[in-house]
There are 2 protein chains.
Amino acid sequence: MKLSTKSRYGVRAMFDMAFHAGTLPAQIKDISRRQNISPRYLEQIFQDLKKAGLLKSRRGPQGGYSLTRPAEEITIKEIVLAAEGELLLVDCIKGRRKDGEAAPACEFDNQCVTQPIWNEGSRILGDYFASVSLKDLCEQGQEMGLEKELDHRFMYFI
Amino acid sequence: MKLSTKSRYGVRAMFDMAFHAGTLPAQIKDISRRQNISPRYLEQIFQDLKKAGLLKSRRGPQGGYSLTRPAEEITIKEIVLAAEGELLLVDCIKGRRKDGEAAPACEFDNQCVTQPIWNEGSRILGDYFASVSLKDLCEQGQEMGLEKELDHRFMYFI
DNA sequence: AGGAATCTCTACTGATACTGTCAAGAATAA
DNA sequence: TTATTCTTGACAGTATCAGTAGAGATTCCT
């Protein structure tokens, strides 16, 4: 019942980007250093976040990643969803989307008193995560007095 | 972020016991047959539930398991907690209980904006699970028209 | 044009936890 | 005394997680 590190790292990394946001894209090596996340692993996570449309990237020198939307429009739910794949406490709920393609994953489908419980729990958790945005985290960071790191690339211009 | 089968099976089994409750203890073989759970595996789960004080047992012929409390006093949270061990979305919260013994599991402990989010999410989920009792599930079962199986052991007395 | 920086894609791997199975033993009722 | 049922601990296959690795593509700078 634990969130994977992809979710935890993903949220931390996205917060880090929003918190230290500058004019240039943020780079893996900086984020991974500040958040103490393996850079190669973070690459993978960022690919997931990019596929989900939360990040855009630019290659080459001075390249990196940037948020596709303002921090107040990106919620924890979106990040967790992108990293985790889905936000369901159990698998036996799946298999009855609109198209009704897949077979029910559980033999007791629709004859099970626990199914609605897991459904509702998943929904409640998702709603909470959807109520928190990256901007909220940034404000929290301010209150906690976290230091904003100067972008070292600006040094060139001084 | 999935619940383990121990939790799912555990809740189903506990519901089954409450729903088919008779005067005699419920036996593994009956529950596992009705709920289609491996009997050997269910034994293990029941040991966990017994350690948590949710079940009591009696060996020998006509033995089995019974709930230690009325169905309306047993919540989903207790069962999940017993099966899952804990109800925390992340590990980085642990390590600062009242005794303050264990070291913080996370290097960013108390310097992390995401920690409160995972904490709150865990709490919200736990609160929801605590709001649902076995009795609620039984009523749901009634509404769904689930059939109550006659205890075959009563046959002897007819 | 060339070289360096940075992201991209895919594959691989070691450890861990999950999901059971199994066997021998202890208690209890008939 | 015997059949039944729970008790305890060990064991094993599989999947997932978490991270590493290498070769390639794109972009910028000179």
Side-chain angles (χ1 to χ4, degrees), chain A residues 1-10 12-13 17 24-33 35-52 54-66 68 80 83-86 89-92 151-153 156-157, chain B residues 1-10 12-13 17 23-33 35-51 54-66 68 80 83-86 88-92 106 151-153 156-157:
Chain A
M1 231 263 323
K2 296 279 186 293
L3 287 165
S4 71
T5 58
K6 275 196 175 183
S7 291
R8 296 198 293 114
Y9 292 173
R12 285 232 307 273
M17 292 180 66
L24 294 172
Q27 295 181 351
I28 291 258
K29 70 178 172 198
D30 291 323
I31 302 171
S32 69
R33 174 176 43 77
Q35 296 294 327
N36 198 23
I37 299 170
S38 154
R40 297 314 288 278
Y41 193 34
L42 193 53
E43 282 176 8
Q44 277 184 51
I45 298 172
F46 273 16
Q47 291 308 311
D48 292 334
L49 296 175
K50 199 186 164 189
K51 273 178 202 139
L54 301 176
L55 291 180
K56 60 189 171 191
S57 61
R58 185 183 194 89
R59 291 198 257 202
Q62 309 302 317
Y65 293 90
S66 26
T68 55
V80 171
E84 211 78 14
E86 60 187 14
L89 293 175
V90 296
D91 279 330
C92 66
D151 192 326
H152 57 79
R153 289 168 293 183
Y156 301 146
F157 306 119
Chain B
M1 230 263 324
K2 296 281 186 291
L3 288 165
S4 70
T5 58
K6 275 196 175 183
S7 291
R8 297 197 292 113
Y9 292 172
R12 285 231 309 272
M17 292 180 67
T23 52
L24 294 173
Q27 295 180 352
I28 291 259
K29 69 178 170 198
D30 291 322
I31 302 172
S32 70
R33 175 176 42 79
Q35 295 295 327
N36 198 24
I37 299 170
S38 154
R40 305 311 282 281
Y41 193 33
L42 194 53
E43 283 176 7
Q44 271 184 56
I45 298 172
F46 271 16
Q47 291 308 312
D48 292 335
L49 297 176
K50 198 185 164 189
K51 274 179 202 138
L54 301 176
L55 291 180
K56 59 189 173 193
S57 60
R58 185 185 193 89
R59 292 198 255 202
Q62 309 302 318
Y65 293 90
S66 27
T68 55
V80 172
E84 210 79 14
E86 59 186 17
L88 294 175
L89 292 174
V90 297
D91 279 330
C92 66
C106 175
D151 193 326
H152 56 81
R153 288 168 294 182
Y156 301 147
F157 306 119

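Just so we're on the same page: letters track the sequence lines, and every chain starts at 1.
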Does [N] have OP1 or OP2 under 4.0 Å away from a side-chain N or O of [X]?
X        : N       : result
Thr5(A)  : dC17(D) : no
Lys29(A) : dT6(C)  : yes
Ser57(B) : dT7(D)  : yes
Tyr9(A)  : dG19(D) : yes
Ser38(B) : dT21(C) : yes

By nearest-heavy-atom nucleotide on DNA chain D, the more 5' of Lys6(A) and Gly64(B) is Gly64(B)
When the nearest nucleotide of DNA chain D is assigned to Tyr65(B) and to Leu3(A) on a heavy-atom basis, which residue is associated with the more 5' position? Tyr65(B)
Between [N] ([atom2]) and [X] ([atom1]): distance, integer Å:
X        : N       : atom1 : atom2 : answer
Ile28(A) : dG19(D) : CD1   : P     : 14 Å
Lys2(B)  : dT19(C) : NZ    : C1'   : 16 Å
Lys56(A) : dT8(C)  : NZ    : P     : 14 Å
Glu84(A) : dT16(D) : CD    : P     : 13 Å
Leu24(A) : dC7(C)  : CG    : P     : 12 Å
Gln27(B) : dA3(D)  : CD    : C1'   : 12 Å
Tyr41(B) : dC6(D)  : OH    : C1'   : 19 Å
Ile45(B) : dC18(C) : CD1   : P     : 12 Å

Stepwise, does the side chain to side chain contact (heavy atoms under 4.5 Å, CB included) test hold for Arg12(A) with Leu42(A)? CA-CA 11 Å; Arg12(A) 285 232 307 273; Leu42(A) 193 53; over 6 Å; no
Determine, step by step, whether Asp91(A) and Glu86(A) satisfy the side chain to side chain contact (heavy atoms under 4.5 Å, CB included) criterion, reporting the C-alpha distance in whole Å, the side-chain angles of both residues, the deciding distance to 0.1 Å, and the verdict. CA-CA 10 Å; Asp91(A) 279 330; Glu86(A) 60 187 14; 3.6 Å; yes
Distances under 3.5 Å between protein N/O atoms and the N/O atoms of nucleotides 27-30 of chain C, please, pair by pair.
residue: dA27(C); atom: O4'; partner: Arg59(B); partner atom: NE; Å: 3.2
residue: dA27(C); atom: O4'; partner: Arg59(B); partner atom: NH2; Å: 3.4
residue: dA29(C); atom: OP1; partner: Arg58(B); partner atom: NE; Å: 3.1
residue: dA29(C); atom: OP1; partner: Arg58(B); partner atom: NH2; Å: 2.0

Is a salt bridge present between Lys2(B) and Glu84(A), judged by a nitrogen-to-oxygen distance below 4.0 Å? no
Approximate separation, where rounding is to 0.5 Å, of [X] [atom1] and [Y] [atom2]:
X        : Y        : atom1 : atom2 : answer
Ile37(A) : Thr5(A)  : CD1   : OG1   : 9.0 Å
Glu43(A) : Ser32(A) : CD    : OG    : 9.0 Å
Leu89(B) : Arg8(A)  : CG    : CZ    : 11.0 Å
Ile31(A) : Phe46(A) : CD1   : CZ    : 4.0 Å

Report each atom pair, protein N/O against N/O of nucleotides 9-16 of chain C, whose distance is under 3.5 angstrom.
residue: dC9(C); atom: OP2; partner: Gln47(A); partner atom: OE1; Å: 3.3

Heavy atoms only, 4.0 Å cut-off, all strands: where does Phe46(A) land among base, sugar-phosphate and nothing? nothing
Would you please test Ser7(B) and Met1(A) for side chain to side chain contact (heavy atoms under 4.5 Å, CB included) and show each step? CA-CA 10 Å; Ser7(B) 291; Met1(A) 231 263 323; over 6 Å; no
Do you know which two heavy atoms are closest between Lys6(B) and Tyr41(B), and how far apart they sit? CG-OH, 3.5 Å
Specify the closest pair of heavy atoms between Ser57(B) and Lys50(B), including all atoms of both residues, with the distance to one decimal. OG-NZ, 2.8 Å
